[in-house]
Amino acid sequence: MATAGFKSLLITTLLVTVVANDVENNGKYPIVVSTWPFVDAVRAAWRAVDGGFSAVDAVVEGCSACEELRCDGTVGPGGSPDENGETTLDALIMNGASMEIGAVAAMRYVKDGIRAARLVMQYTEHTLLVGEQASLFAISMGLRGPMNLSSEDSLHKWTKWKESDCQPNFRKNVSPSNSCGPYHPTKKVGFGETSCPAANLVETSTRNITPINIHNHDTISMAVIDKMGHVAVGTSTNGATFKIPGRVGDGPIPGSSAYADDEVGACGATGDGDIMMRFLPCYQVIESMRQGMEPKLAAENAISRIARKFPKFVGAVFAVSKNGVHAGACHGWTFQYSVRLSSMDDVEVYTIMPQIATANV
């Protein structure tokens, strides 16, 4: 009888523990966080996750909404022409439960970047597909295409840039330096030489004029924690305006534009991807939080690591812990990120001032 009583007590205790955890999670989750005031995209993700969709599904819904809306002209088709006037897409999705990732880069002719990235995750053993081959894969798996991703607005922007002697651009150490190409190296670097002599490392670690700013380069980086506590992140962008054809930014690079781990939380980033991918700031944020650092300090730390080496860079990250604490940090510009929690009536936008200013909630 004593043994039976003990078993009954144990079962009752386990049931109470499970119920208590469910109640706690229902109050904490779901959570949606996104770079910039992309409020409609966050609402789309919230509707999905609040309706019972998984974190991965909700990220796809949110980023797809931004692509359809062409958020700030720098997400989805019809924006950010390259030097040839063409728009290409970068996107990534990551499942923080399985650590699976799918991504596409410099994808042509297909407008659904985030859905193409998810197809890579679902139907291949790969992580990243690029260029026209990524397009062919996406079309073969059912996405619409091929189609022209340029718009009247993007072509007008490109035409005006050409009339301005292709300035500014992303070329360096080339001739001509103040007009359109074709370009040639001003000095050929031999084997064993570097283009950055040690004496000039500090000088060359900053750009005299950065073509990256809030007006020509926004990435949507979104994190979702669903009702089960599972975490996913996704990004979508059409990259830097007037980039060199073939350029891939940090949008489809795991650990740079975004990272997720069910055990820790999530991170999203935006800014000068050519600089930021050298530091994998979102991977840094997650590992810092794994070691016990609060989201505020983890975000600050990741940004400060970049700023020490590149004082003129512009960029930002948001961090959200698995417990729902969120924060942001930035450098070189004013950053805003959007949040929807179960305790909120609608999306709220948080503003972070530059100089590694932070907010923590």
Side-chain angles (χ1 to χ4, degrees), residues 32-49 57-82 86-93 103-107 110-118 147 149-157 211-224 232-243 249-252 256-258 266-273 276 314-318 328 330 333-340 346-352:
V32 180
V33 185
S34 170
T35 52
W36 305 116
F38 297 149
V39 174
D40 288 334
V42 173
R43 286 172 178 155
W46 178 262
R47 285 193 297 270
V49 72
D57 289 333
V59 165
V60 171
E61 290 301 308
C63 289
S64 290
C66 211
E67 291 170 349
E68 289 292 329
L69 293 167
R70 302 184 181 187
C71 292
D72 280 2
T74 58
V75 179
S80 298
D82 63 18
E86 184 179 4
T87 297
T88 56
L89 305 182
D90 298 339
L92 170 146
I93 191 161
V104 292
M107 186 174 69
V110 176
K111 69 180 181 64
D112 301 300
I114 192 68
R115 295 189 188 279
R118 186 178 188 180
M147 62 181 64
L149 301 186
S150 298
S151 66
E152 183 177 334
D153 180 67
S154 69
L155 292 176
H156 175 73
K157 185 182 297 184
I212 299 291
N213 58 61
I214 198 169
H215 302 295
N216 70 4
H217 185 71
D218 291 347
T219 298
I220 182 169
S221 185
M222 176 177 284
V224 174
V233 291
T235 67
S236 184
T237 180
N238 51 40
T241 306
F242 311 131
K243 58 185 174 286
D250 70 331
S256 188
S257 64
C267 170
T270 183
D272 190 339
M276 297 179 78
V314 291
V317 299
F318 70 75
C330 64
W333 58 8
T334 298
F335 172 57
Q336 293 180 300
Y337 69 98
S338 303
V339 180
R340 177 69 199 270
D346 199 0
V347 181
E348 295 184 7
V349 177
Y350 294 81
T351 300
I352 313 297

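Keep in mind that this is a model prediction, so the values were computed, not measured.
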If you take all heavy atoms of [X] and [Y], which pair is closest and at what distance?
X	Y	answer
C267	V233	O-CG1, 4.0 Å
A58	A45	O-CB, 3.4 Å
N238	G73	ND2-O, 3.3 Å
V42	R340	CG1-CB, 3.9 Å
G62	A44	CA-CB, 4.3 Å
G249	P252	O-CD, 3.4 Å

Does any N or O in the side chain of [X] come within less than 3.5 Å of the main-chain N or O of [Y], such that one atom is a donor and the other an acceptor?
X	Y	result
D82	K243	no
S154	S80	no
S236	G113	no
T87	G79	yes
S150	L155	no

Contact between [X] and [Y] at the side-chain level, heavy atoms closer than 4.5 Å - yes or no?
X	Y	answer
K111	M147	yes
V104	L89	no
I93	V60	yes
V317	F335	no

Self-check item: Salt-bridge contact K157-E152 (side-chain N to carboxylate O under 4.0 Å)
Solution: no
Practice problem: Please lay out, stage by stage, how I220 and S34 fare under the test side chain to side chain contact (heavy atoms under 4.5 Å, CB included). | Solution: CA-CA 7 Å; I220 182 169; S34 170; 3.5 Å; yes
Quiz item: Under the side chain to side chain contact (heavy atoms under 4.5 Å, CB included) criterion, do T351 and T334 qualify, and how do the steps go?
Solution: CA-CA 7 Å; T351 300; T334 298; 3.7 Å; yes
Quick one: [atom1] on [X] to [atom2] on [Y], what's the gap to the nearest 0.5 Å?
X	Y	atom1	atom2	result
R43	F38	CZ	CZ	14.0 Å
T270	F318	OG1	CZ	10.5 Å
S64	R118	OG	CZ	9.5 Å
M107	D112	CE	CG	7.5 Å
M222	T35	CE	OG1	8.0 Å
L92	T237	CG	OG1	12.0 Å

Quiz item: In a check of side-chain contact (heavy atoms from CB on, under 4.5 Å) between V347 and each of V39, V339, V32, which one passes?
Solution: V39
